[in-house]
Amino acid sequence: MGFVKQSFWAGVCFSDMDDLNRQAHVWCERINSRVHRTTHERPRERREQEPLAPLPQAFAWERFASEERKVGWDGYLSYDGVLYGLPSDPPVAGTVVQVRERHGMLSVWSQGRLLAQLAKRPVSQSTVTHPDQFRTVAPAASLRERTVPLGHQRSAPDVVTRALAEYDQLCGVAAAEEVRACSSP
């Protein structure tokens, strides 16, 4: 392509597509009659020696007609301005998948496994949700962080209020008034 851009396309003037095609044909005839620097042969003569092979069947070349797309964390992939939802099993959110378009259908592949076949939408800025897109995704309420308390508050036990003299008597200690009475002369 670089050779065509520099040798033919740069500075070309044309009035319409037919004029451009005529000029390109003349240029190709002139270039193909020159001796190639690498092969040291004229491309026209080499083409006659090595005829073009037919294109392979659809399946053989289809693996080269795919595009890589990254699946968002919400399970959608973007293709031609449309968000297409993918099934949640196997989990592909955040990974790169291969997308192939053929006959108005999109085939989405991950690691050699077909994930989904979706009808291509002609209108961009739309969203297509897959019926199994959120089947294995836990509800948002279950994903909220649960706070773990640092301690547990318990109610205070019922306590009987008693005079301190009762405790002194239980422990066999003489009350403070009795001690003073005994110690005075």
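Residues take their numbers from the sequence shown, with the count starting at 1.
- For the pair Ala116 and Pro87, the tightest heavy-atom approach, listed with the atom from each and the gap, is CB-CD, 4.2 Å.
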>> Show, in sequence, the C-alpha distance, side-chain angles and deciding distance for Gln133 and Asp74, and conclude whether the side-chain contact (heavy atoms from CB on, under 4.5 Å) test is met.
In response: CA-CA 9 Å; Gln133 184 170 359; Asp74 54 0; 5.6 Å; no
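- Residue Val12 is grouped with residue Met17 when hydrophobic side chains (ILVMFWY) are merged at heavy-atom distances under 4.5 angstrom, including chains of intermediate members.
- Both Leu86 and Val128 belong to a common hydrophobic cluster when Ile, Leu, Val, Met, Phe, Trp and Tyr are linked at side-chain heavy-atom distances under 4.5 angstrom.
- Put simply, the side chain of Glu101 reaches to within 4.5 Å of the side chain of Tyr79, judged on heavy atoms.
- A donor-acceptor pair shorter than 3.5 Å cannot be found between the side chains of Tyr84 and Thr129.
- Salt-bridge formation is not detected for the pair Arg44/Glu48: no Lys NZ or Arg NE/NH1/NH2 atom is positioned less than 4.0 Å from an Asp or Glu carboxylate oxygen.
- Of the possible polar contacts, none joining the Ser7 side chain to the Val4 backbone as a donor-acceptor pair under 3.5 Å is found.
- Linking ILVMFWY residues whenever their side-chain heavy atoms come closer than 4.5 Å, directly or via other members, leaves Met105 and Leu83 in distinct clusters.
- Not a single donor-acceptor pair under 3.5 Å links the side chain of Arg42 to the backbone N or O of Val35.
- A distance of 10.0 Å separates SG in Cys28 from CZ in Arg30, rounded to the nearest 0.5 Å.
- Aromatic pair Trp27/Phe3: centroids less than 6.0 angstrom apart.
- Ion pair Asp89/Arg135 not flagged as a salt bridge, since none of the NZ, NE, NH1 or NH2 atoms sits closer than 4.0 Å to an Asp/Glu carboxylate oxygen.
- The shortest side-chain heavy-atom distance between Glu41 and Gln49 falls under the 4.5 Å cut-off.
- Note: Ser107 OG to Lys120 NZ = 13.0 Å, rounded to the nearest 0.5 Å.
- Between Gln117 and Val108 there is no side-chain heavy-atom pair separated by less than 4.5 Å.
- If you take CG on Asp80 and CG on Leu106, they are separated by 8.0 Å, rounding to the nearest 0.5 Å.
- Ionic pairing of Glu67 and Arg69 is present here: one or more N-O contacts between side-chain nitrogen and carboxylate oxygen are shorter than 4.0 angstrom.
- Summarising the geometry of Gln98 relative to Gln111, their closest heavy-atom pair is OE1-N, 4.3 Å, with the distance given to 0.1 Å.
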>> I'd like to know whether Thr95 forms a side-chain contact (heavy atoms from CB on, under 4.5 Å) with Lys70, so could you lay out the CA-CA distance, the side-chain angles of the two residues, the decisive distance to 0.1 Å, and finally the verdict.
In response: CA-CA 6 Å; Thr95 66; Lys70 185 169 183 178; over 6 Å; no
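- Panel note: side chain Ser88, backbone Asp132; a donor-acceptor pair is recorded below 3.5 Å.
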>> Checking Trp109 against Leu115 for the side-chain contact (heavy atoms from CB on, under 4.5 Å) test, could you report, in this order, the C-alpha distance in whole Å, the side-chain angles of both residues, the deciding distance, and whether it holds?
In response: CA-CA 5 Å; Trp109 297 78; Leu115 296 177; over 6 Å; no
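- Here the side chain of Gln23 pairs a donor or acceptor atom with the backbone of Cys13 at under 3.5 angstrom.
- Across all their heavy atoms, Val92 and Val71 have their closest contact at O-CB, 3.5 Å.
- Contact of the Tyr76 side chain with the Thr127 side chain is registered, since non-hydrogen atoms from C-beta on lie closer than 4.5 Å.
- Atom CG in Leu77 sits 11.0 Å away from atom OG in Ser110 (nearest 0.5 Å).
- Surrounding CG of Leu114 are more than 12 heavy atoms belonging to other residues, nucleotides or ligands, all under 6.0 Å away.
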